[in-house]
Amino acid sequence: MLLNPRQQEAVRAITGPVLVLAGAGSGKTRVITEKIAHLITRCGYPAKHIAAVTFTNKAAKEMKERVGQTLGREYTRGLTVSTFHTLGLTIIKKEVTQLNMKAGFSLFDDQDSLALLNALTEPELDGDKELLKRLQHKIGQWKNAMLLPDQALAQAQTDDDKLFAEFYRRYQQNMRACNALDFDDLILLPTLLLRTNDAVRQRWQQKFQYLLVDEYQDTNTSQYELVRLLVGQQANFTVVGDDDQSIYSWRGAQPQNLALLQRDFPKLQVIKLEQNYRSHGRILKAANILIENNPHVFEKKLFSEMEYGVPLRVIYGRNEEHEAERVIAEIVRRRFLERTPYSQFALLYRGNHQARIFEKALIANRIPYRMTGGQSFFARAEIKDMMAYLRLLVNPTDDTAFIRIINCPKRGIGPNTVERIGELAHELHTGLLEAANHQALKTRLGAREFQSVQYFCQLIQRCARRCDHQPEAASALFDLLKTIGYEEWLYETSPSVSAAEMRWKNINELMRWVSDMLKGDAEHEPLSLADTVAKLCLRDMMSRQEEAEQGDQVQLMTLHASKGLEFPHVFMVGMEEGLLPHQSSIDENMVEEERRLAYVGITRAQQSLTFTMAKERRQYGDTLRPEPSRFLFELPQDDLEWEEQTIATEAQQEQTRLSGIALLRKAMED
DNA sequence: ACGCGCCGAATTTTT
DNA sequence: TTCGGCGCGT
């Protein structure tokens with residue numbers, strides 16, 4: 001299909017700064033990929049001088065694929081399509097010496113940095129999880145605002161802030177000692193370096209002569225600054241975004257960055273993509289009218305040339321179980337009557353806890369479903385263990401990794417022994433592993449403990465040395481895994497055999513990625529172990545296995561997780577004051593972002609949209625009678641069918657339930 | 001190794 | 001209020 005006039009305009013605007021305001025379903029990924037193709041084939045930009053930046057690996061991967069399809073792989077060689085964090089990492093790796101860092105640094109995820117913060121604030125905070133989270137969040141805010149510890153301290157108003165700034169200083173000091181970076185550092189360090197070092201900045205401006213940024217409304221201050229520094233005076237760039245889909249401000253995203261562009265680049269060309277190719281007219285109308293309740297810097301109104309479609313519906317359950325039952329009865333009915341496959345239905349909710357009741361009902365009715373989100377692969381204990389081994393191999397000063405695995409699997413090294421090692425490390429100004437390997441430890445530990453520690457150090461060192469010879473690295477890792485007896489340990493400590501099997505399977509999955517990345521393939525150079533580990537930390541695996549084969553399953557996810565996706569039939573559940581908008585957002589005057597969240601949900605729907613709610617909802621042990629969400633009243637009532645609010649008799653309710661089940665029986669006989 | 005008992009969660013989480 | 005996870009004790 002041809003690009004529409006606005007899309008063409010967006011693709012062809014190649015001189016100077018361009019902002020593409022891309023409404024939901026307006027084909028923005030297509031515009032970005034076409035634009036990259038246009039830059040390469042028509043404008044003489046070599047691929048290696050173009051960078052496209054996204055927020056997720058998934059988006060980066062999709063974009064890479066689509067550019068490859070459009071142009072053919074040979075034209076895309078050298079093209080940079082990566083996440084902000086991977087781009088930051090690329091710059092840091094090239095500029096390690098400028099940054100006074102050693103190669104083979106570790107990347108800490110949120111859990112790792114929380115563990116470090118816990119250790120650093122031991123006496124003062126005493127492991128208070130609530131406070132630690134707040135501290136971590138605060139440090140993140142400072143980093144995103146590009147404030148270093150002493151600047152944070154200088155700015156601190158309250159005593160609390162001063163204390164937190166002091167912890168921030170300790171944290172950074174320790175991170176440096178461990179040669180470790182957190183995710184925010186991946187943006188902050190390159191930004192500060194580019195800002196202060198003219199030669200480095202020029203080098204990177206030379207490298208990236210054209211920059212494209214996706215989901216621009218989700219950038220934070222340091223990310224925007226990085227963009228500004230990279231594009232320089234030339235300002236040849238395109239950012240694509242939609243202020244109405246900004247739903248991550250609680251994570252530091254600054255949707256104001258869209259408006260700031262106009263201030264910082266007066267020549268900014270603004271192009272709006274308002275034609276929607278996804279949803280029926282009624283759904284778009286509802287979305288437009290809802291979002292008009294928010295203030296806007298840029299006016300935007302989506303339109304569709306598709307049919308007007310069926311009315312939006314609002315249905316009730318007498319409580320949350322009944323709500324779930326009714327949704328399921330509805331799905332079963334439509335599957336049966338209209339032959340709609342399960343996979344065309346999506347259930348969207350505000351909070352993960354809401355999923356449980358729907359899950360239960362789906363299981364009870366044997367309806368296949370897929371829940372996205374939840375505990376991620378990398379949050380699993382066995383994966384964290386293995387990653388800690390990998391990190392320690394690459395970076396012997398990674399004390400967080402050392403502490404995690406020193407006694408895992410159990411090898412008779414208890415907290416006391418670790419304490420002794422810590423003391424020695426402190427005296428010698430070294431990392432824990434080096435201290436553990438020091439002869440001075442002999443006099444401080446019992447013979448057994450000393451021997452255990454020695455054995456562990458030798459294991460790590462031997463393996464690390466073997467890993468230096470690239471071809472041997474993978475087998476060295478497998479040998480290590482064997483030697484420490486991790487599989488046996490899993491079977492000993494898991495609550496069930498099947499749990500152990502699951503965990504061991506996960507370990508093997510990880511090991512497969514590692515060995516694939518070490519080996520490389522037709523499209524990927526073989527990577528060093530250090531690069532492999534870094535990529536894994538950023539969840540940036542090559543050939544990340546295709547999302548487990550998607551059968552015919554009902555889709556369950558949070559509204560946040562649904563951004564960017566589309567479904568023929570959408571149920572937005574729990575449409576109640578207190579849930580959406582969420583109570584704490586109401587309390588903090590953050591209803592506009594909740595409205596955007598509702599907007600995101602509505603614009604996921606292609607053909608039909610159903611809002612559901614419960615008349616009664618149990619919470620904290622008492623029972624609430626929530627009001628319908630204010631957003632329902634903001635929608636065009638002519639397009640909304642409210643179910644009659646008659647109070648059904650028990651008999652009628654039972655009838656509804658039974659007819660649902662009867663339909664199910666029939667469906668299962670198919 | 002297993003079981004019991006207590007405590008915490010209850011908003012969203014791209015890296 | 002309830003459920004699940006974790007930690008400790010036998």
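Note that the structure is predicted; figures quoted are calculated from it, not measured. Order of the sequence lines sets the chain letters (A, B, ...), proteins ahead of strands, with each chain counted from 1. Note: hydrogens, waters and symmetry copies are ignored here, and every other heavy atom, side chains too, is used.
- Scanning DNA chain C 5' to 3' for nucleotides with an atom closer than 4.0 angstrom to a non-hydrogen atom of chain A gives a first and last hit of C:dT1 to C:dC3.
- Geometric assessment of A:R539 against the ring of A:F378 yields a positive cation-pi assignment under the 6.0 Å and 45° thresholds.
- With sequence neighbours excluded, the residues satisfying ring-ring contact (aromatic ring centres under 6.0 Å, His included) with A:F237 are A:F265.
- Side chain of A:D185 to backbone of A:L189: no donor-acceptor contact under 3.5 angstrom is found.
- When base pairs are accepted only as Watson-Crick or G-U wobble with both N-N or N-O distances under 3.5 Å, DNA chain C takes part in stems of 3 or more pairs at B:1-9 with C:2-10.
- Atom CD of A:E488 is surrounded by more than 12 heavy atoms from other residues, nucleotides or ligands within 6.0 Å.
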Check your understanding: Taking protein heavy atoms under 4.0 Å as touching, what does nucleotides 9-14 of chain B look like 5' to 3' if B marks base contact, S marks sugar-phosphate-only contact and - marks none?
Key -> -BBBBB
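- Here A:W504 pairs with nothing under the ring-ring contact (aromatic ring centres under 6.0 Å, His included) rule; sequence neighbours left out.
- Nucleotides C:dG5 and B:dA10, compared at atom C1', are 15 Å apart to the nearest Å.
- A:Q223 and A:E225 share no donor-acceptor pair across their side chains, judged by distance under 3.5 Å alone.
- Within the nucleic acid shown, A:R356 comes within 4.0 Å of sugar-phosphate atoms alone, with no base atom in reach, counting heavy atoms only.
- Note that CG of A:D182 and CZ of A:F108 are 9.0 Å apart. Values are rounded to the nearest 0.5 Å.
- Checked by atom type, the side-chain pair A:S106/A:N395 shows a donor-acceptor distance below 3.5 Å.
- Relative to the six-membered ring of A:Y224, A:R228 meets both conditions, a distance below 6.0 Å and an angle of at most 45° to the axis.
- Nearest-nucleotide mapping onto DNA chain B: of A:Y491 and A:L538, the residue sitting toward the 5' end is A:Y491.
- Put simply, CG on A:L181 is 18 Å from P on B:dT15, counting in whole angstrom units.
- With sequence neighbours left out, the side chain to side chain contact (heavy atoms under 4.5 Å, CB included) criterion links A:D242 to A:D244, A:Q245, A:K300, A:Y599.
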